[in-house]
There are 2 protein chains.
Amino acid sequence: MTVMENLAKIFPKNNYDNQDKVLLAVDCIIFGFDDDELKLLLIKRNFQPEKGKWSLMGGFLGMNETLNDAASRVLNNLTGLNDVYLEQLSVFSDLERDPVERTVSVAYFALINIKKNDKKLIRANSAQWFSLSEVPPLIFDHNEMVQKAIKQLRYKTSIQPIGFELLPDKFTMRQLQKLYEAILNQSIDKRNFSKKISQLDILLKLDEKDTISSKKGAYLYKFDEKKYRQKAANGFVFKL
Amino acid sequence: MTVMENLAKIFPKNNYDNQDKVLLAVDCIIFGFDDDELKLLLIKRNFQPEKGKWSLMGGFLGMNETLNDAASRVLNNLTGLNDVYLEQLSVFSDLERDPVERTVSVAYFALINIKKNDKKLIRANSAQWFSLSEVPPLIFDHNEMVQKAIKQLRYKTSIQPIGFELLPDKFTMRQLQKLYEAILNQSIDKRNFSKKISQLDILLKLDEKDTISSKKGAYLYKFDEKKYRQKAANGFVFKL
DNA sequence: TCAAAAGTGTTCACCGTACACCCATGG
DNA sequence: CCATGGGTGTACGGTGAACACTTTTGA
């Protein structure tokens with residue numbers, strides 16, 4: 001029996017009876033990377049209100065799940081993926097953000113490998129990938145959430161190598177650089193970039209080469225998660 | 001008539017009827033600075049559950065206020081202060097975090113000038129300032145909230161001069177340094193510190209001296225908010 | 001006159017940034 | 001053989017960090 005269960009016994013449920021309750025939702029800002037571009041997965045709402053308009057994928061918090069659970073559930077419903085990088089962003093609680101009813105929403109941002117998601121599920125949800133530069137007007141305060149998520153993604157990327165979640169398992173230095181350029185929205189010198197990345201010492205250089213995009217062929221790398229965790233645990237700073 | 005009001009007319013309130021609602025609370029981690037130490041304002045709960053134990057100051061979200069409103073209200077009730085630096089930290093939603101009833105809580109952190117708070121109100125709430133090193137065990141997951149707030153305070157301080165909220169209007173370079181040392185929990189070379197601060201060019205050096213703590217007397221400074229805002233607007237980075 | 005805090009400059013190591021040429025290969 | 005992308009090293013300036021002595025004045 002946990003401490004909490006003990007407490008629940010000692011203190012009967014009789015204290016918060018007069019308090020208002022609200023609807024709590026989660027909304028997911030889902031990032032992917034393809035064609036050298038950062039993309040966002042949006043759904044076309046097939047229910048009222050705002051049916052037919054573009055929206056973030058969201059859902060309500062159930063009584064028997066945490067907010068992280070709810071966000072995972074929502075993400076899984078849309079993409080079929082589990083164990084996705086997911087991070088709480090911020091809470092939105094404006095009184096009229098949802099015209100139907102007072103709803104407070106917790107925005108989550110997720111990074112997924114765009115090749116791995118389940119195309120059938122995405123179609124079933126009438127979802128679609130949008131380039132960041134072509135994000136349409138979204139319902140409620142969802143555009144604001146997206147802006148905040150982009151800002152957070154840029155910040156996070158600059159201090160932690162989370163970007164790998166967005167790439168295939170094996171990738172070239174060039175692909176990684178393109179990803180960083182897309183996230184940070186600026187071009188990077190390739191010599192400085194590869195130097196910086198190499199000295200982080202969290203990549204595994206494979207013997208294979210990728211010959212699709214060049215004649216010479218470019219070495220493939222893997223993210224070395226074990227090394228990364230060790231270094232992270234020792235307080236290593238991954239500033240890019 | 002706002003867009004939201006229009007929408008509310010077009011789409012009647014009939015969509016979310018089957019969804020669970022939860023209690024939403026705010027909890028405030030309130031920092032102050034005194035005697036060269038960072039302190040935390042905690043209350044002794046005078047109601048069940050956990051009556052008599054130490055806790056963060058908190059309250060429930062009402063139907064007609066945003067979370068920021070709720071946090072301000074809670075803070076005002078305890079300190080009598082308005083216009084306090086307040087920032088949303090993170091949401092806590094573990095199923096059993098509150099043994100009485102499922103409650104989701106949004107943690108806020110606040111920085112206040114310890115000299116300005118209303119001593120009567122604090123006494124009325126049986127609140128007390130604790131040094132960071134002497135924070136007692138708190139109810140629920142409040143210790144976890146405190147840890148997260150400290151981390152965030154350290155991070156924020158290193159990229160933005162928010163620490164001024166914690167000092168009196170006029171302060172010496174020494175006091176400012178002590179504050180940074182307390183927040184970052186490390187000692188700083190005073191030559192490097194004053195050089196760094198001076199070159200940020202956001203302080204106003206006054207003609208007055210503070211002669212309380214030394215015979216020679218130390219120049220007093222003011223935070224130059226106008227200059228700061230200008231620089232911040234131009235993308236100036238305040239890295240300490 | 002002395003104790004206690006204030007105030008102030010220089011040096012060095014490291015890091016970020018700018019920058020250009022040769023290599024391998026498929027067509 | 002040439003066009004295309006891959007791969008690599010160096011030089012410079014700026015910033016963070018270490019470090020010590022003089023000044024003032026009340027007691």
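Lettering follows sequence order; numbering is per chain, from 1. Values below: all heavy atoms of this structure, side chains included; hydrogens, waters and symmetry mates excluded.
Between B:Phe164 and B:Phe223, the ring planes are parallel. Angles under 30° get that label, and only those over 60° would be called perpendicular.
At whole-Å resolution of the value, NZ in B:Lys209 and C1' in D:dT25 are 10 Å apart. Taking atom CG of A:Leu220 as the reference point, atom P of D:dG6 lies 12 Å away to the nearest angstrom. If you measure from atom OH of B:Tyr219 to atom P of D:dT23, you get 15 Å, rounded to the nearest angstrom. Rounding to whole angstrom units, NZ of residue A:Lys196 and P of D:dT8 are separated by 18 Å. Here the P atom of nucleotide D:dA18 and the CZ atom of B:Phe193 are 16 Å apart, to the nearest Å. Rounded to whole Å, the distance from CG on B:Asp210 to P on D:dT25 is 15 Å.
Looking at residues two or more places apart in sequence or on another chain, you find no side-chain hydrogen bond (donor to acceptor under 3.5 Å, both in side chains) involving B:Gln128. Applying the ring pair (Phe, Tyr, Trp, His ring centres under 6.0 Å) criterion to A:Phe193, with sequence neighbours excluded, gives A:Tyr180. By the side chain to side chain contact (heavy atoms under 4.5 Å, CB included) test, A:Ala232 pairs with A:Tyr228, A:Phe238, sequence neighbours left out. Scanning for ring pair (Phe, Tyr, Trp, His ring centres under 6.0 Å) contacts around B:Trp54 gives B:Phe130, with sequence neighbours left out. Under the side-chain hydrogen bond (donor to acceptor under 3.5 Å, both in side chains) criterion, B:Asn76 pairs with B:Asn82, not counting sequence neighbours. Remark: B:Ser194 pairs with no residue by the side-chain hydrogen bond (donor to acceptor under 3.5 Å, both in side chains) rule, at least two apart or across chains. Under the side-chain hydrogen bond (donor to acceptor under 3.5 Å, both in side chains) criterion, B:Tyr85 pairs with B:Glu87, sequence neighbours left out.
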Check the interface with nucleotides 9-11 of chain D: list each N/O to N/O pair with the protein under 3.5 Å, or write none.
from: D:dT10; atom 1: O4; to: A:Lys195; atom 2: NZ; distance (Å): 2.8

**OP:** Show your reasoning for whether side-chain contact (heavy atoms from CB on, under 4.5 Å) applies to B:Leu56 and B:Met145.
**Re:** CA-CA 9 Å; B:Leu56 294 171; B:Met145 292 179 176; 3.8 Å; yes
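If you walk DNA chain C from 5' to 3' and mark each nucleotide with an atom closer than 4.0 Å to a heavy atom of chain B, the marks span C:dA5 to C:dT10.
Among residue pairs with one or both ends in residues 216-225 of chain A, those qualifying as salt bridge (charged side-chain N to carboxylate O under 4.0 Å, His left out) are A:Glu225-A:Arg229; sequence neighbours excluded.
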Could you list the donor-acceptor pairs under 3.5 angstrom formed between side-chain atoms of residues 205-212 of chain B and any protein atom two or more places apart in sequence or on another chain?
from: B:Glu208; atom 1: OE1; to: B:Lys170; atom 2: NZ; distance (Å): 3.4
from: B:Glu208; atom 1: OE2; to: B:Lys170; atom 2: NZ; distance (Å): 2.7
from: B:Asp210; atom 1: OD2; to: B:Ser213; atom 2: OG; distance (Å): 3.4

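Annotation: proximity of residues 211-218 of chain B to DNA chain D (heavy atom, distance under 4.0 Å) is found for B:Lys215, B:Lys216, numbered in ascending order.
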